[in-house]
Q: 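Starting off with a structure, shown below.
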Amino acid sequence: EEGKLITDPSEIHEIGCLGQIVHVQGVQNLGMQLLIAGVGRVLVTGASKTEPFLTVNIERCQDKPYDPSDKVMKAWMLELMSTLKSIVKLEHLFKEQLQTILNQVDVQNPGLLADITTSMTTADRKDLQDVLECLDVEERLARTLRLLKIELEQAQLQKNIHKQMEDNVSKMQRKHFLTEQMKIIKKELGMEVDEKEELIEKMTAKLAEINAPPNAEKIIQEQLKKLSMLETASPEFNITRTYLDWLVSLPWGISSEDNIDIKVAFETLDNDHYGMRDVKDRILEFIAVGKLKGTINGKILCFHGPPGVGKTSIGKSVATAVGRKFFRFSVGGMTDVSEIKGHRRTYVGAMPGKLVQALKYVGTNNPVIVLDEIDKLGRGYQGDPASALLEVLDPEQNKEFLDHYLDVPIDLSQVLFVCTANSLDTIPGPLKDRMELIQVSGYTADEKVEIAKRHLLPKLRDESGMKASDANVTDAALRTLINKYCREPGVRNLQKQVEKLLRKMAFQIATGEATKLSVSENNLTSFVGPPLFPKDRIYDHTPKGVVMGLAWTAMGGTSLYVECVSAATSERGSLRSTGQMGDVMKESTEIAYTYARKYLKKVDPKNTFFEKNSVHLHVPEGATPKDGPSAGITMITSLLSLAMGKSVAQKFAMTGEVTLTGKVLPVGGIKEKVLASQRAGVKTVILPVDNKRDWDELAEEVRSSVDVVFATSYKDVFEVAFPEKKGAEVTTTEEAQSDSP
């Protein structure tokens, strides 16, 4: 190791080189610089002292005797000289030194020739030491020749690499030279057009074709002038070129011709979607107004409802019905305002927002643009996209929508915006206020059967490679599939189950187990497995203290039981509630408990159940979060059923908010709740009287399946739930005032 002090003779080789100091020179800050010439080989015979540094005893080494005239010796020397000449012809690190050896070294001294030649190689220290320790001249020549052969191979490889690099550089230079010559020749003949001039001519031609507004045309002209003064190699040239390309590619004043034939639009909507009467009527009204005016203006619609009911696909059908281009992009999870408003041109990789991209993609200024999942907009350090959409979805502001990249006002007033959402709760109020809200409710069982027959089965049969005659599915099988496997309000899961059913049928036909198959209600389980919902109700017969309510979820309507039991006797009475309720629902339990105690005193003054018992109220499916006030009348009825020891009437359900004075207030999600009661086999439903308008909007087949009772106050609920108690209670002065109009 360099810089290490040697103190032990075992750390050095036995044979070394005796050096003679020829010249000594002092070097500033580095000590002394010595010029040493090798004199001969020496053998270390032992150490004489180790302090202050290691000193050893040596003796001169002599080469073994040899015959210079020996033919073998001469052959070794000739081969060595030949190899030296070959190396000298190539590019080598010690080319000049090797040439000196060929010219000046005495070839009659083979030992010296081998020593000097070896010192001019790039061999490692071990190989050089092997040559130094070799006292047999013939063996030394052999070792030297081996090292020279390695040097020759390396020199040849270096030459090949050098030649390849020169060839590549020469080809590139030659190609560049010929290209420049060709440009000059073409320019002299009038065949070559300058790239920048050609680009400016192209942009100018595009500007003449479009009907750009004056402010946009002015900016385009300014940018063309700027482009003409820039060098093509300048970074600003490419930025300006891209900006101009966006400006002249937008559909300024280009509109697609609207279809204002209401009959054609009606047929288009009916062919694509079954049901959805509210949505279709609104679209047809939109087209009817356009027919009377002669043109269809832009509009902002928001379809909200559970997943899988066709909110996005109806947007595409709307585009087809009115004869417009269609573009869709999802804003769910979007956290960057630049996705809507575009990036500033000062940023690297800047580009316009999605709306400008949509206009360029469709090539018209009046497309149908679907903003999917608008209720799932994100918000981050890059801004609030929901606030950016306020300008886009405002008919008074989007006439001059300003994209950060273009920095030119764009007219979006002709665009028909269709937004989709599962829930309105997460949409900011100002944004919700700018949209026309259209509820897309879930499908009834009959509607699902028709959708499966008209759309799902034909499409999935084709995808499975089967014909209707090969794979038949009866209406009864479809109805069972819907009621016991696919209860969600949409048809997405129904499509998966039908696809699974047809896959099983295709497998049996492909393996030769059958040539034709028919699925009925009886053999359905052999294809899709056991039912996911074997029972429609938790209770076949509701016991005392248990009442069925109705609830709305993002997946549609569902039945919601409320259970009450007496947990223990108590001196003052108390209430405990469980079932993962939200804050609003917990307040409803307290209101229900207070009103139930008050109402029990009227219908049964001698009943002291609430004063002497601790009541536990539970809403089943404890893992599911629940919230809202619509279970108010259900909780009161459950508490009274327990207190009076009487079960409520069978096959009936209820929903409605209640006040401390007994008023029944309206709730939402009536269609979904009624459909849920229909699936559960309910015969009578109690609804708030103010929800009568929602009931009247339901389809006739839904209304005919259940009886409805509209409740103004809790007294109306009590009379239906406990018929034997009808008229038994005494109306107090306070309630009489609350019931009066």
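All values reported here derive from a predicted model rather than from experimental measurement.
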Q: Can you name the residues that form a salt bridge (charged side-chain N to carboxylate O under 4.0 Å, His left out) with Lys202, not counting sequence neighbours?
A: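 Residues passing salt bridge (charged side-chain N to carboxylate O under 4.0 Å, His left out) with Lys202: none at all.
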Q: Flag the pair Val331 / Asp372 as yes when at least one side-chain heavy-atom distance between them is below 4.5 Å, and no otherwise.
A: no
Q: Step through the shown structure and confirm whether more than 12 heavy atoms of other residues, nucleotides or ligands are within 6.0 Å of CD on Gln129.
A: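 Yes.
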Q: Is atom OH of Tyr347 surrounded by more than 12 heavy atoms (other residues, nucleotides or ligands) closer than 6.0 Å?
A: no
Q: Taking CD in Glu222 as the centre, count heavy atoms belonging to other residues, nucleotides or ligands within less than 6.0 Å. Is the count above 12?
A: yes
Q: Which is it for Glu79 and Leu145 under the side chain to side chain contact (heavy atoms under 4.5 Å, CB included) test, yes or no, and what are the steps along the way?
A: CA-CA 8 Å; Glu79 181 61 27; Leu145 184 60; 3.5 Å; yes
Q: Distance-only, no hydrogens or angles: does the Asp403 side chain make a donor-acceptor pair with backbone N or O of Gly353 under 3.5 Å?
A: yes
Q: How long is the gap from NZ on Lys354 to CD on Glu339, to the nearest 0.5 Å?
A: 6.0 Å
Q: Yes or no on side chain to side chain contact (heavy atoms under 4.5 Å, CB included) for Ile410 and Leu412, after CA distance, side-chain angles and deciding distance?
A: CA-CA 6 Å; Ile410 302 173; Leu412 297 179; 4.3 Å; yes
Q: How long is the span from the OG1 atom in Thr335 to the CG atom in Asp384, to the nearest 0.5 Å?
A: 10.5 Å
Q: Decide yes or no for Leu406 and Arg345: does some side-chain heavy atom of the first lie under 4.5 Å from some side-chain heavy atom of the second?
A: no
Q: Between Thr144 and Thr118, is a side-chain hydrogen bond (donor to acceptor under 3.5 Å, both in side chains) present by the stated rule, with each step listed?
A: CA-CA 6 Å; Thr144 301; Thr118 302; 3.0 Å; yes
Q: Phe53 versus Thr55: any side-chain heavy-atom pair under 4.5 Å?
A: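 Answer yes - side chains close enough.
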Q: Passes side chain to side chain contact (heavy atoms under 4.5 Å, CB included), Met435 versus Leu393? Steps please.
A: CA-CA 7 Å; Met435 301 184 292; Leu393 301 181; 4.1 Å; yes
Q: Taking 4.0 angstrom as the limit, do Asp130 and Lys126 come out as a salt bridge?
A: yes
Q: With side chains defined as the heavy atoms from C-beta onward, is the minimum distance between Val392 and Ile340 less than 4.5 Å?
A: yes
Q: Is the closest side-chain heavy-atom distance between Leu247 and Ile219 below 4.5 Å?
A: yes
Q: To the nearest 0.5 Å, how far apart are CD in Gln223 and CG in Leu244?
A: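 Between Gln223 CD and Leu244 CG, I get 5.5 Å after rounding to 0.5 Å.
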Q: Give a yes or no on whether the backbone of Cys134 and the side-chain of Glu139 come within a donor-acceptor separation of less than 3.5 Å.
A: no
Q: Do Gln158 and His162 pair up side chain to side chain, a donor and an acceptor below 3.5 Å, judged on atom types alone?
A: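 Per modelled atom types, Gln158 and His162 side chains form no pair under 3.5 Å.
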Q: Rounded to the nearest 0.5 Å, what separation is found between the CG atom of Asp136 and the CZ atom of Arg143?
A: 9.0 Å
Q: How long is the span from the NZ atom in Lys399 to the CG atom in Asp394, to the nearest 0.5 Å?
A: 10.0 Å
Q: Is any side-chain heavy atom of Leu431 less than 4.5 Å from a side-chain heavy atom of Ile374?
A: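 In contact.
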Q: So for atom CZ, which belongs to Arg174, do other residues, nucleotides or ligands contribute more than 12 heavy atoms lying within a distance under 6.0 Å?
A: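 Not buried by this count: 12 neighbours or fewer within 6.0 Å.
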Q: Within a 6.0 Å radius of atom CD on Gln580, are there more than 12 heavy atoms belonging to other residues, nucleotides or ligands?
A: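 Above 12, so yes.
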Q: Out of the candidates Ser256, Ser413, Ser255, only one should pair with Asn365 under the side-chain hydrogen bond (donor to acceptor under 3.5 Å, both in side chains) rule; please name it.
A: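 Considering Ser256, Ser413, Ser255, a side-chain hydrogen bond (donor to acceptor under 3.5 Å, both in side chains) with Asn365 is found only for Ser255.
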Q: Considering non-hydrogen atoms only, spot the tightest contact between Arg241 and Leu227 and give its length.
A: N-CD1, 4.2 Å
Q: Heavy atoms, side chains only, cut-off 4.5 Å: are Ile21 and Leu35 in contact?
A: no
Q: Would you say Arg434's side chain and Pro430's backbone share a donor-acceptor pair under 3.5 angstrom?
A: yes
Q: For Glu373 and Thr420, run side-chain hydrogen bond (donor to acceptor under 3.5 Å, both in side chains): C-alpha distance rounded to whole Å, both residues' side-chain angles, the deciding distance at 0.1 Å, then the answer.
A: CA-CA 5 Å; Glu373 311 294 351; Thr420 68; 5.2 Å; no
Q: Atom CG of residue position Asn160 - does it have more than 12 heavy atoms of other residues, nucleotides or ligands inside 6.0 Å?
A: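 Check passes, neighbour count above 12.
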Q: Working to the nearest 0.5 Å, report the span between OG of Ser119 and CG of Leu147.
A: 11.0 Å
Q: Is the shortest side-chain N to carboxylate O distance from Glu236 to Lys226 below 4.0 Å?
A: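 Looking at Glu236 and Lys226, the cut-off is met.
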Q: Does Trp252 reach the side chain of Val408, with side-chain heavy atoms less than 4.5 Å apart?
A: yes
Q: Can you tell whether the side chains of Glu166 and Lys159 come within less than 4.0 Å, N to carboxylate O?
A: no
Q: Side chain to side chain contact (heavy atoms under 4.5 Å, CB included) between Arg60 and Arg41: does it pass, once the steps are laid out?
A: CA-CA 6 Å; Arg60 295 289 293 269; Arg41 290 174 173 79; over 6 Å; no
Q: Which pair of heavy atoms, one from Arg140 and one from Leu135, lies closest together, and at what distance?
A: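 Taking every non-hydrogen atom into account, NH2-CA, 3.9 Å.
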Q: Any donor and acceptor pair, going by atom type alone, linking the side chain of Asn215 with main-chain N or O of Lys218 inside 3.5 Å?
A: no
Q: Is any NZ, NE, NH1 or NH2 atom of the basic residue among Lys432 and Asp375 found under 4.0 Å from an Asp or Glu carboxylate oxygen of the other?
A: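 No, no charged N to carboxylate O under 4.0 Å.
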Q: Within a 6.0 Å radius of atom NZ on Lys376, are there more than 12 heavy atoms belonging to other residues, nucleotides or ligands?
A: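 Check passes, neighbour count above 12.
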Q: Would you say Met32 has more than 12 foreign heavy atoms packed within less than 6.0 Å of its CE?
A: yes
Q: Do Glu391 and Lys341 sit within salt-bridge range, that is, some charged N less than 4.0 Å from a carboxylate O?
A: yes
